[in-house]
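Just so it is clear, the values below take in all heavy atoms, side chains as well, and ignore hydrogens, waters and symmetry mates. Please read these numbers as outputs of a predicted model, since none were measured by experiment.
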Amino acid sequence: MSNEYAIQIDGLRKLFGTLAAVDGLTLRIPAGGIFGFLGPNGAGKTTTIQLLLGLLEPSGGAARVLGYDSATQGQAIRERTGALLEHHGLYEQLTAEENLEFYARISHLASADRRARIRELLESMELWDRRRDRVGTWSRGMKQQLALARALLHRPRLVFLDEPTAGLDVMAANAVRDRLATLVQREGATVFLTTHNMAEAERLCDTVGVVRSGRLLALDSPSNLRAGSAGQVEIVGSGFGENVVEELRLLPGVLSAVASDNRLDVQLREGHDSAPLVQALVAAGAQVEEVRKGQASLEDVFVTLMQEESA
């Protein structure tokens, strides 16, 4: 495998009975940086991670992770990667320091290195002063930061993070994101991140892949996906009754149209202009005072891809 890629996936498939959880996935993930793997529930994101870690046997295709075949060399992959999946993997009756000591021994870190590495990570997470606290007394956000430290303990070249901020409050989620961005930059690791939070993906990820029903729909940087996406149009005026809005929704280039008081928010397909909107509104008797164009957010891009796929 070229050192250029941390992960190479070719036609990967996983069937559960007749259901294709992963359906012919082909993907190249460069070494370094954060890759976001986005999709709705049931899109195959967690199954893909399990396949890449060698925890599931593929039904077809192949994947290489850090140069190792995921179907036959899973143990080698798991030894060289870090993972924070559905459960944090912490022992709540142990202290933070004892948890990391336990995992450091499993990873065969030398004694002096263990102590230095544990302190380094706990200080980075701003948890050093709480190192002798029993983890069961901690908040969910603090546990998640400690779990991130656990995943990075043995200096893996690749880290899998499956929705690491799910269920956290705003402040705790921001703390985890800040620690993640800083540590990844310092450690030089590649991160494979799944998240339902589009703002999080937009903030953290260098590249994102969008999947649905186990198939890849889009792959690019968040900025490129936004730039090439449908346009956002905000129209200010009056007379935006439901019958008028329904007429707009029938226009060829319109993906969605939502009225709110004196404002109309319209999402256009790529390549379509706002002029027909104004003409249709005027013809229907609405008053148009102002038309504002904006760039779609990553969330807008995601919703558009889901709508187009289900159409």
Side-chain angles (χ1 to χ4, degrees), residues 1-14 16 21-22 25-37 44-91 94 98-110 113-114 117-118 120-121 135 143-164 166 176 179-180 183-184 186-195 209 211 214:
M1 183 190 86
S2 167
N3 291 329
E4 183 183 357
Y5 298 110
I7 299 173
Q8 290 181 284
I9 304 173
D10 294 289
L12 193 63
R13 287 174 57 82
K14 180 59 184 178
F16 293 103
V22 178
L25 183 65
T26 295
L27 187 59
R28 298 287 185 273
I29 299 175
I34 302 177
F35 173 79
F37 201 45
K45 302 186 300 297
T46 299
T47 301
T48 299
I49 290 178
Q50 292 172 335
L51 287 166
L52 294 175
L53 287 170
L55 299 173
L56 288 176
E57 184 178 346
S59 304
R64 298 191 72 82
V65 179
L66 301 177
Y68 295 93
D69 187 326
S70 65
T72 61
Q73 297 175 295
Q75 183 63 35
I77 291 171
R78 293 189 293 274
E79 289 174 354
R80 290 163 174 80
T81 58
L84 175 50
L85 305 182
E86 183 179 0
H87 302 292
H88 53 57
L90 302 172
Y91 293 94
L94 300 180
E98 288 168 342
N99 265 280
L100 294 187
E101 175 75 17
F102 172 76
Y103 282 106
R105 288 177 180 272
I106 288 177
S107 298
H108 306 295
L109 268 66
D113 189 27
R114 283 203 307 271
R117 183 63 171 162
I118 288 170
E120 176 188 18
L121 288 170
V135 170
K143 290 176 185 175
Q144 201 69 343
Q145 290 186 69
L146 183 61
L148 180 57
R150 174 190 61 75
L152 291 165
L153 188 59
H154 56 302
R155 299 183 180 87
R157 292 162 52 198
L158 173 64
V159 183
F160 292 95
L161 302 176
D162 196 4
E163 299 185 38
V176 171
R179 303 292 181 270
L180 174 60
L183 286 168
V184 166
R186 191 181 70 199
E187 303 280 329
T190 304
V191 174
F192 187 107
L193 170 74
T194 76
T195 180
V211 289

| remark: E98 meets the salt bridge (charged side-chain N to carboxylate O under 4.0 Å, His left out) criterion, sequence neighbours left out, with none
| query | Which heavy atom of L109 sits nearest a heavy atom of L153, and at what distance? | reply | CD2-O, 3.9 Å
| query | side-chain contact (heavy atoms from CB on, under 4.5 Å) with S70: which residues, sequence neighbours excluded? | reply | A63, I77
| request: May I have all residue pairs that pass salt bridge (charged side-chain N to carboxylate O under 4.0 Å, His left out) and include part of residues 28-37, sequence neighbours excluded? | output: D10-R28
| query | In chain order, what residues pass the side-chain contact (heavy atoms from CB on, under 4.5 Å) check against A62, with sequence neighbours excluded? | reply | none
| field | Any side-chain heavy-atom pair of S59 and K14 under 4.5 Å | value | yes
| Short question: side chain of R150, backbone of G82 - any donor-acceptor pair under 3.5 Å? | no
| request: Could you list the residues that satisfy side chain to side chain donor-acceptor pair (under 3.5 Å) with T194, not counting sequence neighbours? | output: D162
| request: Would you please name every residue forming a salt bridge (charged side-chain N to carboxylate O under 4.0 Å, His left out) with R179, sequence neighbours left out? | output: E126
| query | Okay, side chain of Y91, backbone of F102: is any donor-acceptor separation there less than 3.5 Å? | reply | no
| field | Student check: side-chain heavy atoms of R80 and L158 closer than 4.5 Å | value | no
| Does the pair L148 and L161 meet the rule for a side-chain contact (heavy atoms from CB on, under 4.5 Å), with working shown? | CA-CA 9 Å; L148 180 57; L161 302 176; 4.0 Å; yes
| field | Shortest non-hydrogen separation from P156 to A189 and the atoms involved | value | O-CB, 3.6 Å
| request: Please name all residues satisfying side-chain contact (heavy atoms from CB on, under 4.5 Å) with E79, sequence neighbours left out, ordered by chain then number. | output: Q75
| task | Give the minimum heavy-atom separation between K143 and V135, together with the two atoms involved. | result | CE-O, 3.3 Å
| said: What's the separation between atom CG in L193 and atom CD1 in I34, rounded to the nearest 0.5 Å? | reply: 7.0 Å
| field | Those residues that, when tested against D113, pass salt bridge (charged side-chain N to carboxylate O under 4.0 Å, His left out) (two or more places apart) | value | R155
| said: When you compare the side chain of V159 with that of L152, does any pair of heavy atoms fall below 4.5 Å? | reply: yes
| task | List the atom of L84, the atom of A147, and the distance in Å for their closest heavy-atom pair. | result | CD1-CB, 3.6 Å
| request: Measure the spacing between OG1 of T190 and OH of Y5 and express it to the nearest 0.5 Å. | output: 13.0 Å
| remark: Applied to residues 81-90, the side-chain hydrogen bond (donor to acceptor under 3.5 Å, both in side chains) test, sequence neighbours excluded, yields H88-E92
| task | Check ring-ring contact (aromatic ring centres under 6.0 Å, His included) between F35 and all other residues, then give those that pass, not counting sequence neighbours. | result | F192
Using distance only, find each side-chain donor-acceptor pair of residues 47-56 under 3.5 Å and give its atom names and separation, not counting sequence neighbours.
| unit_1 | atom_1 | unit_2 | atom_2 | d |
| --- | --- | --- | --- | --- |
| T48 | OG1 | G44 | O | 2.7 |

| task | Could you tell me which non-hydrogen atom of F160 sits nearest to which non-hydrogen atom of V65, and how far apart they are? | result | CZ-CG1, 4.5 Å
| field | From T26, L27, V22, residue fulfilling side chain to side chain contact (heavy atoms under 4.5 Å, CB included) relative to I9 | value | L27
| request: May I ask you to decide if Q8's main-chain N or O and R64's side chain share a donor-acceptor pair within less than 3.5 Å? | output: no
| note | Residue set satisfying side-chain contact (heavy atoms from CB on, under 4.5 Å) with R105, at least two apart, ordered chain then number -> E101, R114
| field | Between CD1 on residue I29 and CD on residue E4, distance to nearest 0.5 Å | value | 13.0 Å
